[in-house]
Structure formats: structure tokens, C-alpha cells
Amino acid sequence: MSNKVILWEENQKDFLKKFYDIQFTPRVGEEVYLKKEQWKVTRVEHDIEVNEINVYMEVIKKAKQEKSSNH
């Protein structure tokens with residue numbers, strides 16, 4: 001039986017990514033590199049009925065702008 005792991009952005013509740021058959025579930029406080037940004041897991045919710053794990057994350061380090069000549 002495989003879990004479906006869904007990643008969400010904590011503040012906006014924006015859908016980030018969905019995994020099937022993931023080998024591990026990120027734990028609270030763990031850092032994840034996703035979409036060229038560094039994220040920190042804020043909470044994890046298990047939905048047993050539909051076999052889903054919702055992982056909420058917040059950005060801790062925004063990706064650097066390629067061209068920072070605006071400032």
C-alpha cells in the first residue's frame with residue numbers, strides 16, 4: 001500500500017507537489033529543497049482514510065534573483 005504525499009505552502013495553502021510511492025516522509029523541522037528554494041516543514045498531517053500525508057512547508061530562503069541590478 002503506497003502513501004500519497006502532498007506538499008503545501010503553509011501560508012498560502014498553495015499546492016506545491018505531489019508524490020506517489022515516496023521512500024520517506026519529511027518530518028517537522030526538516031529542510032527540503034524544492035523549486036529552487038529552501039523549505040522547512042512546519043507540520044505533517046496524516047489522512048488515514050484516503051491514505052494521504054499532507055506536508056506543510058514554508059520558504060526559509062528565497063531563490064536569489066538571477067539579475068539583481070534593480071536595486
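All figures in this text were calculated on a predicted structure; none of them were measured in a lab. One-based numbering along the sequence shown.
A distance of 6.5 Å separates CG in L34 from NZ in K17, rounded to the nearest 0.5 Å. If you take CG on L7 and CG on D14, they are separated by 12.5 Å, rounding to the nearest 0.5 Å. Distance check: W39 CH2 to L16 CG gives 4.5 Å after rounding to the nearest 0.5 Å. A distance of 12.5 Å separates CD of E58 from CD of E37, quoted to the nearest 0.5 Å. T25 contributes atom OG1, which lies 9.5 Å from atom CD of E30 (distance to the nearest 0.5 angstrom).
At a threshold of 4.5 Å between non-hydrogen side-chain atoms, the residues R43 and E10 count as touching.
The heavy-atom pair separating V41 from R27 by the smallest distance is CB-O, 3.3 Å.
Only one option out of V28, T42, V44 pairs with Y56 in a side-chain contact (heavy atoms from CB on, under 4.5 Å); it is T42.
Under the 4.5 Å side-chain heavy-atom criterion for Ile, Leu, Val, Met, Phe, Trp and Tyr, W8 and F19 are members of distinct hydrophobic clusters. With hydrophobic clusters built from ILVMFWY side chains whose heavy atoms lie under 4.5 angstrom apart, I53 shares a cluster with V32.
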